[in-house]
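Computation of the quantities below employed the complete heavy-atom set of this structure, encompassing side-chain atoms and omitting hydrogens, waters and symmetry-equivalent molecules. Order of the sequence lines fixes the chain letters, A, B, ..., with proteins taken first and strands second; residue numbering starts at 1 for each chain.
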Number of protein chains: 2
Amino acid sequence: MIDRDQAFERIRQAGLRLTPQRRAVIEELAGDRSHPLAENVASRVAARVPGVSLSTVYKILHELGGLGLVRELSLPGAMRFDPDVDPHAHLVCSECGSVYDIPVPVATTEDLFSAAERATGTDVIHMEVTLYGRCAQCSPRA
Amino acid sequence: MIDRDQAFERIRQAGLRLTPQRRAVIEELAGDRSHPLAENVASRVAARVPGVSLSTVYKILHELGGLGLVRELSLPGAMRFDPDVDPHAHLVCSECGSVYDIPVPVATTEDLFSAAERATGTDVIHMEVTLYGRCAQCSPRA
DNA sequence: GTCGGTGCAAAATATTTGCATTGTG
DNA sequence: CACAATGCAAATATTTTGCACCGAC
């Protein structure tokens with residue numbers, strides 16, 4: 001995610017109010033590399049905004065997704081959220097379920113986008129690349 | 001999906017019984033390009049095997065996924081199933097939710113796999129590439 | 001002060017699980 | 001005829017929705 005203040009600015013630009021709930025979701029998510037569930041975000045936000053409801057957090061996360069401030073990842077079991085909106089792939093460990101960032105060469109990303117736009121004849125908004133395999137933690141060692 | 005009989009053979013190889021339910025799921029799914037939900041598969045199977053239960057269909061679909069006969073796609077809202085296990089991407093229409101197959105150049109697929117294996121140091125089992133955008137049906141026309 | 005935003009509770013949806021019964025090999 | 005597989009029902013999990021109240025601007 002871009003920094004705190006840029007995110008606040010985008011919220012205002014969109015005509016939305018900067019409530020303590022929105023502020024806390026943005027601040028808790030910024031810089032987070034753990035690909036948290038909505039529930040994880042909610043419990044961290046709750047430490048700063050007592051009584052925040054899970055449904056509000058869901059609404060805010062989806063809203064931030066629409067503004068391009070957060071990526072919503074459809075992964076097995078549940079949606080996860082990623083403040084890093086620059087192109088990169090994800091590895092999902094088939095053993096423990098952890099999600100890791102994987103860098104993808106810019107040229108490869110561009111190839112995929114153009115192949116898709118050629119095939120469909122329409123604009124592609126965004127792309128998710130998800131890889132499945134055992135992570136280093138879960139691999140049998142020698 | 002490879003053809004009916006090859007799929008039956010793999011079922012037997014895996015030590016599983018060729019029940020009417022498994023047979024029907026395989027036959028209904030083979031050649032299907034609609035990326036159906038479990039429920040869609042179940043209702044088609046029900047036409048051939050009256051009384052088949054949704055939970056059995058879920059179990060069989062997941063089993064076929066494990067055998068590599070079907071791809072399980074984690075898409076927004078629900079899982080979808082694809083009998084085509086060769087590398088290709090999917091376009092999800094952000095308007096109507098339809099899923100379309102998108103060809104991906106072999107070289108690009110290989111780039112992604114090798115970038116991922118280099119980054120993680122482990123084997124990647126499989127990969128899902130999902131693109132989001134408006135499909136031709138839902139695009140405003142000139 | 002207005003009207004967008006929140007919290008709560010309930011609903012909707014998707015998927016999994018336990019267990020008695022059935023039927024394939 | 002053994003034991004894997006099914007059907008059923010209930011549990012679980014996730015996400016959405018409706019609405020009365022509240023508070024950011």
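Among the protein residues, A:Ile60 comes within range of the sugar-phosphate backbone only, with heavy atoms under 4.0 Å from sugar or phosphate atoms but none that close to a base.
Using a 4.5 Å cut-off between side-chain heavy atoms of Ile, Leu, Val, Met, Phe, Trp and Tyr, with links allowed through other members, A:Leu16 and A:Leu64 fall into the same hydrophobic cluster.
For A:Thr19, the side-chain hydrogen bond (donor to acceptor under 3.5 Å, both in side chains) test picks out no residue, with sequence neighbours left out. A search for ring pair (Phe, Tyr, Trp, His ring centres under 6.0 Å) contacts involving A:Tyr58 returns nothing, not counting sequence neighbours. In terms of the side-chain hydrogen bond (donor to acceptor under 3.5 Å, both in side chains) criterion, residue partners of A:Arg71 (sequence neighbours excluded) are, by chain and number, A:His88, A:Glu128. Among residues two or more places apart in sequence or in another chain, the side-chain hydrogen bond (donor to acceptor under 3.5 Å, both in side chains) test is passed with A:Gln21 by none. Legend: residues meeting side-chain hydrogen bond (donor to acceptor under 3.5 Å, both in side chains) with A:Arg4, ordered by chain and number and at least two apart, are A:Glu27. Partners of A:Ala89 by side chain to side chain contact (heavy atoms under 4.5 Å, CB included), not counting sequence neighbours, listed by chain and number: A:Ile102, A:Val104, A:Val129, A:Leu131.
Of all heavy-atom pairs spanning B:Leu91 and B:Gly133, the tightest one is CD1-N, 3.9 Å. For B:Ala24 against B:Val49, the heavy-atom pair with the smallest separation is CB-CG2, 3.8 Å. Taking all atoms of both residues into account, the shortest heavy-atom contact from A:Pro87 to A:Thr109 is CB-CG2, 4.0 Å. The nearest pair of heavy atoms linking A:Leu37 to A:Phe81 is C-CD1, 4.2 Å.
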Polar-atom pairs under 3.5 Å, protein N or O versus N or O of nucleotides 8-10 of chain C: list them with distances, or write none.
{"residue": "C:dC8", "atom": "N4", "partner": "A:Ser55", "partner atom": "OG", "Å": "3.0"}

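Between chain A and DNA chain D, the heavy-atom contact criterion of under 4.0 Å yields a 5' to 3' nucleotide range of D:dT14 to D:dC25.
The pair A:Glu72-A:Arg80 does not count as a salt bridge, with every side-chain nitrogen at least 4.0 angstrom from each carboxylate oxygen.
Within the 4.0 Å cut-off from OP1 or OP2 of C:dT15, at least one side-chain nitrogen or oxygen of B:Tyr58 is found.
The rotation axes computed at either terminus of the helix from C:dG1-D:dC25 to C:dG25-D:dC1 lie 40° apart, taking five pairs at each end and rounding to 10 degrees.
If you check residues 91-100 of chain B against DNA chain C, you find no residue with a heavy atom closer than 4.0 Å. Contacts with DNA chain C (heavy atom under 4.0 Å) in residues 9-26 of chain B: B:Arg17, B:Leu18, listed by number.
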Under the side chain to side chain contact (heavy atoms under 4.5 Å, CB included) criterion, do A:Leu112 and B:Leu112 qualify, and how do the steps go? CA-CA 10 Å; A:Leu112 275 170; B:Leu112 276 170; 3.7 Å; yes

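Applying the salt bridge (charged side-chain N to carboxylate O under 4.0 Å, His left out) test to residues at least two apart or on different chains, none of the pairs has a partner in residues 102-116 of chain A.
No more than 12 heavy atoms of other residues, nucleotides or ligands sit less than 6.0 Å from atom CD of B:Glu39.
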